[in-house]
Amino acid sequence: MASKSNPEAVGDWQNLLASIEANSADLAHLEFSRLKLSGTLDRVVDITKQQSALTASKQEMTRQLREALAEGNRLATVLRLAIKEHFGIRSEKLAEFGMQPFRGRPRKAKPPAPEPAPDVKL
C-alpha cells in the first residue's frame, strides 16, 4: 500500500475507527488496537495543530528579523557617516572602524606631448 499524505491518512483512520466502532460487537478482540489507533490519531491532530502554529510563528519571526536587520543597517550607515564626519574622510583612523580612508585617485600618466616637427628650409 502506497504511503498517504497526512490529511489522507487521518481521514482514512477516522473512517476506519468509525467502522470499527459501528461493528464493535463483532470486533471486540480489536478494542485494544482501536484504542491505540485512536490515541495515535489524537496525537497526530495535536502535532499538526502545533506545526501550523509554529509555521505562523516562524513567519512572524522572519518578518521581525528582516525589519531589525534593515533598521540595523540604517543605523550602521548613520554611524559610519558620523565617524567620517568626526575624523575626516582622509584619516587613517577610519581603518579601525573597517572603513577605507580616502587617499585620492591615482593620476593618469599624461601622454608625452608630440615633438614639433623640425622646420625644413630649402
Side-chain angles (χ1 to χ4, degrees):
M1 184 170 167
S3 173
K4 297 181 179 183
S5 68
N6 290 351
E8 289 175 346
V10 167
D12 183 42
W13 295 352
Q14 288 171 335
N15 291 337
L16 179 61
L17 288 170
S19 298
I20 292 172
E21 285 178 35
N23 294 290
S24 61
D26 294 333
L27 301 173
H29 63 285
L30 298 178
E31 185 63 18
F32 179 75
S33 296
R34 185 193 67 78
L35 290 174
K36 273 183 89 172
L37 179 58
S38 181
T40 301
L41 174 63
D42 292 342
R43 186 167 166 238
V44 167
V45 169
D46 275 352
I47 291 170
T48 302
K49 287 177 185 176
Q50 288 177 15
Q51 189 179 42
S52 295
L54 289 173
T55 298
S57 176
K58 178 183 172 193
Q59 290 170 345
E60 175 61 21
M61 291 295 109
T62 299
R63 185 189 62 76
Q64 289 180 17
L65 176 61
R66 269 194 305 254
E67 288 176 0
L69 286 170
E71 182 180 354
N73 283 334
R74 285 192 297 275
L75 291 169
T77 298
V78 168
L79 288 171
R80 284 186 185 100
L81 290 172
I83 291 168
K84 283 182 182 180
E85 169 67 24
H86 179 76
F87 290 113
I89 62 172
R90 295 180 184 274
S91 173
E92 292 297 321
K93 185 84 171 164
L94 295 178
E96 267 185 59
F97 300 96
M99 293 182 273
Q100 179 81 32
F102 181 74
R103 295 184 178 115
R105 292 186 180 159
R107 301 204 180 254
K108 292 182 181 177
K110 291 185 178 179
E115 293 184 23
D119 289 335
V120 179
K121 291 187 183 180
L122 290 173

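Residues Leu54 and Val44 are members of separate hydrophobic clusters, defined by side-chain heavy-atom contacts under 4.5 angstrom among Ile, Leu, Val, Met, Phe, Trp and Tyr. Cluster annotation: Ile47 is not connected to Leu17 through the hydrophobic network of ILVMFWY side chains, with a link wherever side-chain heavy atoms come within less than 4.5 Å. In terms of hydrophobic clustering, with Ile, Leu, Val, Met, Phe, Trp and Tyr side chains grouped at heavy-atom distances under 4.5 Å, Leu16 and Val45 are assigned to a common cluster.
To the nearest 0.5 angstrom, Leu79 atom CG is 6.0 Å from Ile83 atom CD1. Here Gln100 contributes atom CD and Lys84 contributes atom NZ; the two are 9.5 Å apart, rounded to the nearest 0.5 Å. Atom CD of Gln14 and atom OG of Ser19 lie 11.5 Å apart (nearest 0.5 Å). Remark: Asp26 CG to Ile20 CD1 distance equals 12.0 Å, nearest 0.5 Å. Here the straight-line distance linking atom CG of Leu37 with atom CG of Leu30 works out to 11.0 Å at 0.5 Å rounding. Atom OG1 of residue Thr55 and atom CD of residue Gln50 lie 11.5 Å apart, to the nearest 0.5 angstrom.
Within 6.0 Å of atom CD in Glu67, more than 12 heavy atoms from other residues, nucleotides or ligands are found, so the atom counts as buried in its surroundings.
Looking at Arg74 and Glu71, no side-chain N of the basic residue comes within less than 4.0 Å of a carboxylate O on the acidic one, giving no salt bridge.
Panel note: side chain Thr77, backbone Asn73; a donor-acceptor pair is recorded below 3.5 Å.
Nearest heavy-atom pair across Arg90 and Pro101 is O-CB, 4.0 Å.
Using a 4.5 Å heavy-atom threshold, the side chains of Leu81 and Glu85 count as separate. No side-chain heavy atom of Gln59 sits less than 4.5 Å from a side-chain heavy atom of Arg63.
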